[in-house]
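Lettering of chains follows the sequences in order, A, B, ..., and the numbering in each one begins at 1. The analysis underlying the following values was restricted to heavy atoms, covering all of them including side chains, and did not include hydrogens, waters or symmetry mates. Being a predicted model, the structure only gives us computed values, none of them experimental.
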Amino acid sequence: MLQLSTRKPTRFSEADLHIFQKLRSLNWGLVLTLCLISASGVALLYSAGGMAWEPWAGRHLIRLCCGMMLMIVLAMIDVQHWFRLAYPAYFACLLLLVAVEVIGQIGMGAQRWIDLGVFTLQPSELMKIALVLALARYFHQIPLDRLRAPLALIPPLLMTAAPVVLVLLQPNLGTAALLAFGSGAVMFAAGVPVWIFWTAAGGVLVAAPVGWQFLHDYQKDRVLTFLDPGSDPLGAGYNILQSTIAIGSGGVSGKGFGMGSQSQLMFLPEKHTDFIFVVLAEEMGLMGAIGLLLLFGIVLIYGYLIGIGSKSQFGRVTALGLTTTFFLYLLMNIAMVSGLIPVVGIPLPLVSYGGTAIFTFLIGCGLLLSISVHRESRVSPHEPLL
Amino acid sequence: MRQDQQRYRIFTRRTALLAGGKALLLSTLAGRMYYLQVLESEKYTVLADENRISLKLLPPPRGRIVDRFGVPIARNDQNYRVVIVPEQTPDLEVTLRDLARIIPLSEDEYIRILREGVHRRAFVPITVRDNLAWNQVAQIEVNAPDLPGVSIEVGQTRDYPFGGLTAHVVGYVAAVSEADLTGEPLLELPGFRIGKSGIERQYDGVLRGSAGTSQVEVNAVGRIIRELSRDEGQPGKDQVLTIDMALQQYVQQRLATEHSGSAVVLDIHSGGVLALGSTPTYDPNAFNRGISSQSWNSLISDPFRPLNNKAIAGQYAPGSTFKMIVALAALEAGIAPGEEVFCPGFITLGNARFHCWKAIGHGHVDMIGGIKHSCDVYFYDIALRVGIEAIAAMARRFGLGEETGLDLPGERPGLIPDRDWKLGNIGKPWQLGETMVTGIGQGFVLTTPLQLALMTARIVNGGYAVKPFLTRPSVFHGAPETPAQPPFPSLGFAPGRLELIREAMDQVSNHPRGTAYGARIKEAGMAMGGKTGTAQVRRITMSERATGVRKNEDLPWNQRDHALFVGFAPVQAPSYAVAVVIEHGGGGSAVAAPIARDILIETQRRDPSRQVPPRQVAGIDPG
């Protein structure tokens, strides 16, 4: 009894101290910024729901809390473990993507999620993290001089191409583009020779007209109406038109919280998911919109600082990859709702209502925090494949 | 280790490049926001308001039409309709089946309503049935808890309580047709009605009023969220008629004893129309509720032309009622009233023979005798002596040959022929024989019953050029009637001439040998003067005259003579003039004069009532 009572506190206190230290070294600035963004998301959903917690704001708040706790837990896990998990996680996600494709073939139309009962799982969302991890591991393990050989690029290209093709088949153009650009940024930062990127850019320009043939009709419509939204104001161009009207009519200071006529009177489509930023722009004006952009900008800056501060190439590349993924979310969503790019169906992290995107983003943030907490950790380049 | 440091250097360099690129792209987003929210803000604010603000028109209540005492002739009735709002009922079809126990619905109606329920937005009420009866309304209200989403809406329909009795005066309203659209948005409202004939058409603008507007905020699917502002508009103004509804009812019913005809009663001093009847008539309510093509076709193909207002649009040869005009022309031309003409039953011009209506002739006839006996030969003779131009000029002084200007649409001008007219329209020079037939009101000359009444009024009112009118400034409230019109100009007759004609017209009905003696008014102080007329509508050939002129009863209806009578009363101090024309009715003295007599008796019988407050007369029976 005595023995037990003396040993146990020691073990616990050691562990507690360890966790306590980790918590103390957590990047609380980033956490605070994330909380501010989340709070604005809850507020906007409260307004979009007709100034009520139902149906969105309340549930969104609960999900955010769960996500934040998960994020803190993930931040406590050593980078070494992430390194080990990188490939298994990647293959698991790939399997899930194949699974939804098969289920989708059996069911009807575009299937993008697996129903887990409690919430629906979108494998393509998780893949955004898993791909970054897998690529980071690859570039961590490969020596710099071997990167000069084009053959060394075949594994990362395959790793990228597999999910991109599967996501395109769903079809989900926005996520595919996000995956492709994210992986490009990772390769660039990891030291892949620059001429390869020029070649790739040239190849895309040549391939674009061919690729057009493979687009679905609705995707072609989106691109065409993006080029001329007024051509069909009540049809396919309706979303873009109403969204730009909402943003523009918001002016500098906005119409006031809960007072946006476009948002409140249902002129705005999908206002609680992909177009939530428009509610902000209409009701809080330019000041609100720029404010949220700045908050996200702070998150990105933290991401870069964490990457640069990491002692391991794995940590650096992962941080850069995640930050770029966040950036692409932000860019594509806001460019889409403000009519700069076609409608692609990318949510605004933490602000848009919807399950998986929040978790993806917060898992990513957990990883970032973990890299920040364990910045001194050295990751052995000779880890076994699995 | 060295390699890792190099990797780190490449990483930081390239990361800085990426960060720069990202910063640039984020600035683009901020720039886009600035462009939309600052530079283009005004444009989008306007667009947003256009989105949310919708203008709803509020139709003004149409003004009523009342008679001189305030008795409503056209009013707005409440129209109850049952509507169902699909989103308020759990199962549209089940609710409809329940509703069908109160108002039976056909299968077609089910299909129509269910289809509307699918195609229209769920909050838009669907009209199940219009024009509900009172007991149906009550039953639906009582069963309301069992009929979710079902409610009663109240609309307004035009109602003419007297139906056909007033159809030719007030006309009717009907749905707006393509040709009526003027760009006025009110006209495009579903269910809006405009005046299509009669007073309803003449004063449509006044009766209609002006539309109010309601600015409402709507959402993307068109549901009204709230009202932002409201302008009530201007309700239509009531129109007060000179018509005495009780008299109008009497006139219309009295005329209904004949197939086809019309009558006008005028106040000879003011020109106000007290009654204006035309038979057969039609139910103006049918047009308002939407007339079936079957009923429309039967109205159109009716040989007695019920839609035609014969009092103002029927043009007839005046026959002998024209003889006062010829006599006055003769007086003005210096022919002495005592000068006699011998009537052997005919007169010869060249080798043509012109017959008097009385084959054996009237013997020696002076002017009063000519009118009293309606001797044709006397008027052939003096017509030839004064000439067509003098006759035509005299006719025009009494308002013939042109529209009287009555405020009722559809009036016809009639025709007073002269030399220029014949040359211009027929292309042949005027013949003396035509002067002779014009002298007895036959030939080319055409008049409307309204013109004949107006002519009579001008003869017996002391020679003033009254003008007829149908609307008064206000309802009569017991004060003596003052003419709505300014004092009328005198026709400029020397003293005694019109009195002579009036004396002759007195003898027509009150002298035992007058043509209308049989139809005289026996009531003390109500006696009438007048003039009969029988207008031939066919040519009587020489051979027919030889074998004996066929009697009217032996002819088909549309070849019989028109029966006419113009009259006034009371004969000593005239107040009222009347003209009656019965199409193909036969002789004026036998058919038209009795109707005129009855109308004048009723007019005078009601004379005191026009001096008392309306309360006591307003209770007349609409039936």
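Of the atoms belonging to B/Y34, heavy atoms from both backbone and side chain fall under 4.5 Å from chain A. Both the backbone and the side chain of A/L331 have a heavy atom closer than 4.5 Å to some heavy atom of chain B. Contact annotation for B/E42: neither backbone nor side-chain heavy atoms come within less than 4.5 Å of a heavy atom of chain A. Only the side chain of A/A289 comes within contact range of chain B, judged by heavy atoms closer than 4.5 Å. Within the 4.5 angstrom heavy-atom criterion, atoms from both the backbone and the side chain of A/F188 approach chain B. Only the side chain of A/I290 comes within contact range of chain B, with heavy atoms under 4.5 Å apart. A/L330 touches chain B through backbone and side chain together, each having a heavy atom under 4.5 Å away.
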**Request:** Before giving the answer on side chain to side chain contact (heavy atoms under 4.5 Å, CB included), spell out for A/I306 and A/L30 the whole-Å C-alpha distance, their side-chain angles and the decisive distance to 0.1 Å.
**Result:** CA-CA 10 Å; A/I306 289 168; A/L30 175 56; 4.1 Å; yes
**Asked** Can B/S177 and B/D180 be said to form a side-chain hydrogen bond (donor to acceptor under 3.5 Å, both in side chains), step by step?
**Response** CA-CA 5 Å; B/S177 72; B/D180 300 322; 3.0 Å; yes
**Request:** Begin from the C-alpha positions of B/R115 and B/V118 and carry the test side chain to side chain contact (heavy atoms under 4.5 Å, CB included) through to its verdict.
**Result:** CA-CA 5 Å; B/R115 189 185 299 136; B/V118 171; 5.6 Å; no
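Counting heavy-atom pairs closer than 4.5 Å to chain A, the top-ranked of the candidates B/L47, B/D49, B/L39, B/V46 is B/L47. For the set B/L17, B/L18, B/T12, the entry with the most heavy-atom pairs within less than 4.5 Å of chain A is B/L18. Most heavy-atom pairs under 4.5 Å with chain B, from the set A/Q262, A/M266, A/R316: that is A/R316. The greatest number of non-hydrogen atom pairs below 4.5 Å with chain B, out of A/F296, A/F139, A/F327, is found for A/F327. Ranking B/A16, B/A19, B/A23 against chain A, the residue ahead of the rest is B/A19, based on heavy-atom pairs under 4.5 Å. Note: A/G285 leads A/G285, A/S312, A/G297 in heavy-atom pairs under 4.5 Å with chain B. Contact count against chain A (heavy-atom pairs under 4.5 Å) is highest for B/R32 among B/M33, B/R32, B/K43.
Taking the charged nitrogens against the carboxylate oxygens, A/R148 and A/D145 have no contact shorter than 4.0 Å, which rules out a salt bridge. Remark: B/D204 does not engage B/R193 in a salt bridge, criterion side-chain N to carboxylate O under 4.0 Å.
Side-chain atoms of B/P86 and B/E116, non-hydrogen and from C-beta on, never get closer than 4.5 Å to each other. In this structure, B/V150 and B/V128 have side chains that are not in contact, with every pair of non-hydrogen atoms separated by 4.5 Å or more.
Judged purely by atom type and a 3.5 angstrom limit, A/E283 uses its side chain to pair as donor or acceptor with the backbone of A/G258.
Remark: B/R62 is not positioned above the aromatic ring of B/F192, lacking an NZ or CZ atom under 6.0 angstrom from the ring centre and at most 45 degrees off the axis.
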